[in-house]
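Just so it is clear: chains get the letters A, B, ... in the order the sequence lines come, proteins before strands, and each one is counted from 1. Note: hydrogens, waters and symmetry copies are ignored here, and every other heavy atom, side chains too, is used.
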Amino acid sequence: MNAISYNFAYLDEQTKREIRRALLKALAIPGHQVPFASREMPLARGWGTGGMQVTAAVIGRDDVLKVIDQGADDTTNAVSIRQFFGRVAGVRTTTRTEEATLIQTRHRIPETPLRPGQIMVYQVPQPEPLWRLEPSRAETRRLHALAEYGIMHVKLYEDIARHGRITLAYDYPVLVHGRYVMSPSPIPAFDNPKLHRSPAIHLFGAGREKRIYAVPPYTDVVSLAFEDHPFRPWKAEAACALCGSTDTYLDEIVIDDRGTRRYVCSDTDWCERRRAQGRPV
Amino acid sequence: MTETPLLRVRNLSVRFGALAAVDGVSFDLWSGEVVALVGESGSGKTTLLRSIHGFIPPTAGSILYRSDRFGEVELTHLDEPRRRLLARTEWGFVHQNPRDGLRLSHSAGANVGERLMGAGARHWGTIRAQALAWLDRVEIDPGRIDDLPRTFSGGMQQRLQIARVLVTKPRLVLMDEPTGGLDVSVQARLLDLLRRLVAELGLSVILVTHDLGVARLLAQRILVMQRGRVVEAGLTDQVLDDPQHPYSQLLVSSVLVA
């Protein structure tokens, strides 16, 4: 029996053109959320449909695709999205960061520094950084338009009042190009500095919320903070149990019923290659 | 005193369809002056106040405001960015219900600090210190700075709202029944506090109230409104002791004497 044949990269050409137009606009106005007509994808909203649509719109036959889920190449979401594009676009896939031309990611930026020409595609659950502070979307759009971002600091103020420091560990709001406050998607705050003047292109797709935004290469991306409480990217005070790395973002894993913990690199590609180079603990 | 009034309202009208809620109102507000708008409910006091602040666009008329930043501006034609900037720096609006003017899911300190952060303050220690000083000034225990306003009593919430509005040292404060819904003893303390703060900060205030006692205590001048029109205006004592318009006479004579 013949397999059902899809258009290249699943989406029809008109849809891809529409998404590309939104992407171009998003790149022209760094950090600004551009509405787009989010399509149904063959998986549930909230599982990365925004990122998948952006990937489908920008992927070409020569691209090499890497998909990561919380830093890992081998978890369900990463495996199925990678297989999906392998099937509907027939592109080469990889787990190696530097080999990839296109990296779709859920909530991490790879430890390997990105290079010019690479495209990062983020899956975004909530594109609006002001959403917990201002319930009306009409009003948040107005606040963005007028660059009234005082309320963003209210949340940070309270963190310091309660805990003595900013405890926001992920989805830490950033100011892009000195103009728009943007949600970097739920990447750890540890990854925020990697966005600052990054040589790669960063595209953010929120499928359920129907928004696309972007950070073009070499753009200022500054994490919000107070003068007397500067931004501090947080990570666990430990070394990776597998590769011994101390400067990467670590996952905390509870390994028995007595609460014993073990820390391993969240970026599996980085960790595996460090071990292959013979640098285990 | 300066030469021109802080605020000049001319022939201001606000219509809701066929209903003229505010109908050709004109008055001046001078710097450092407290003017009370009195009248029965439905007479257009609150609508007038809200249209001056820009919550409701006026249908006709003009409002001239002498701004520190922009010089004299016509508020009915002012562009939104500048109007909002004025609203969060030079003006303050005290809502009748403190829940409308507060962020209930954020702490008292954040509520006071929000206006400062909105005006560009980015030093946590300074914001914190100012919030503490203002809580003290409105007689809220500074130890409650990190408590949520919903755990406060009605009177405390109202004082917190006042602290939040006054922290950026506005020039013009619009108050919509600030003592409404509070019991008499709490009202008295709040009025005392308001009178002191208004004098200390040299605020210009437009105060909407239906309580003539509040007007007598705080205001230098009174505008009596009926069906959207100002039927009588004058010095507080003059209007209250010797009302000329039949409606003002009715209003004055209907005050309950305990």
Side-chain angles (χ1 to χ4, degrees), chain A residues 29 32 126 128-168 172-176 178-182 189 192 220-232 234, chain B residues 54-55 57 78-89 91-92 99-132 134-135 142-151 160 163-165 167-168 170:
Chain A
I29 318 170
H32 172 63
Q126 181 46 261
E128 179 52 73
L130 304 168
W131 75 296
R132 279 193 196 280
L133 300 155
E134 173 51 60
S136 155
R137 284 304 152 98
E139 183 64 16
T140 57
R141 279 200 289 274
R142 195 169 289 135
L143 294 175
H144 281 296
L146 301 174
E148 281 181 21
Y149 291 128
I151 61 166
M152 201 69 244
H153 276 82
V154 170
K155 157 82 185 127
L156 304 180
Y157 165 90
E158 290 223 307
D159 258 16
I160 299 171
R162 291 228 176 93
H163 311 290
R165 63 182 174 90
I166 299 171
T167 53
L168 213 52
Y172 192 108
V174 290
L175 183 69
V176 180
R179 176 59 181 81
Y180 283 97
V181 165
M182 182 188 93
N192 274 14
D220 284 345
V221 177
V222 180
S223 305
L224 299 181
F226 287 98
E227 288 159 13
D228 49 343
H229 286 267
F231 170 74
R232 266 193 217 106
W234 184 89
Chain B
F55 289 133
L78 192 64
D79 54 279
E80 197 176 358
R82 287 201 286 173
R83 192 171 56 70
R84 289 174 69 113
L85 182 68
L86 288 178
R88 64 176 193 273
T89 53
W91 308 339
R99 287 172 213 88
D100 295 338
L102 292 174
R103 275 178 191 281
L104 291 182
S105 49
H106 290 96
S107 68
N111 268 287
V112 179
E114 182 185 346
R115 291 250 309 184
L116 292 169
M117 295 183 248
R122 291 291 181 268
H123 191 281
W124 191 85
T126 315
I127 295 167
R128 180 82 169 175
Q130 289 207 49
L132 282 169
W134 267 98
L135 288 184
R144 301 202 60 182
I145 185 166
D146 293 327
D147 292 352
L148 296 181
R150 68 164 67 100
T151 65
L160 180 63
R164 169 186 163 94
V165 165
V167 67
T168 49

Can you measure from [atom1] ([X]) to [atom2] ([Y]) and round to the nearest 0.5 angstrom?
| X | Y | atom1 | atom2 | value |
| --- | --- | --- | --- | --- |
| B/His106 | A/Ile151 | NE2 | CD1 | 8.5 Å |
| A/Arg142 | B/Arg84 | CZ | CZ | 6.0 Å |
| B/Glu114 | A/His153 | CD | NE2 | 12.5 Å |
| A/Leu156 | B/Arg122 | CG | CZ | 9.5 Å |

Is [X] in contact with chain B via its backbone, its side chain, both, or neither, using a 4.5 Å heavy-atom distance?
| X | value |
| --- | --- |
| A/Leu224 | neither |
| A/Leu146 | side chain |
| A/His229 | side chain |

> Where on B/Leu116 is there a heavy atom nearer than 4.5 Å to chain A: the side chain, the backbone, both, or neither?
Replying inline: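 For B/Leu116, neither part sits under 4.5 Å from chain A.
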
>> Counting only non-hydrogen atoms closer than 4.5 Å, does B/Arg103 touch chain A with its backbone (N, CA, C, O), its side chain (CB onward), both, or neither?
In response: side chain

>> Could you check whether atom CZ of A/Arg132 has more than 12 heavy atoms from other residues, nucleotides or ligands sitting under 6.0 Å from it?
In response: no

> If you look at every heavy atom in B/Ile145 and A/Tyr157, which pair is closest and at what distance?
Replying inline: CD1-OH, 3.9 Å

> Is there a donor-acceptor pair closer than 3.5 Å between any side-chain N or O of A/Asp228 and the backbone N or O of B/His123?
Replying inline: no

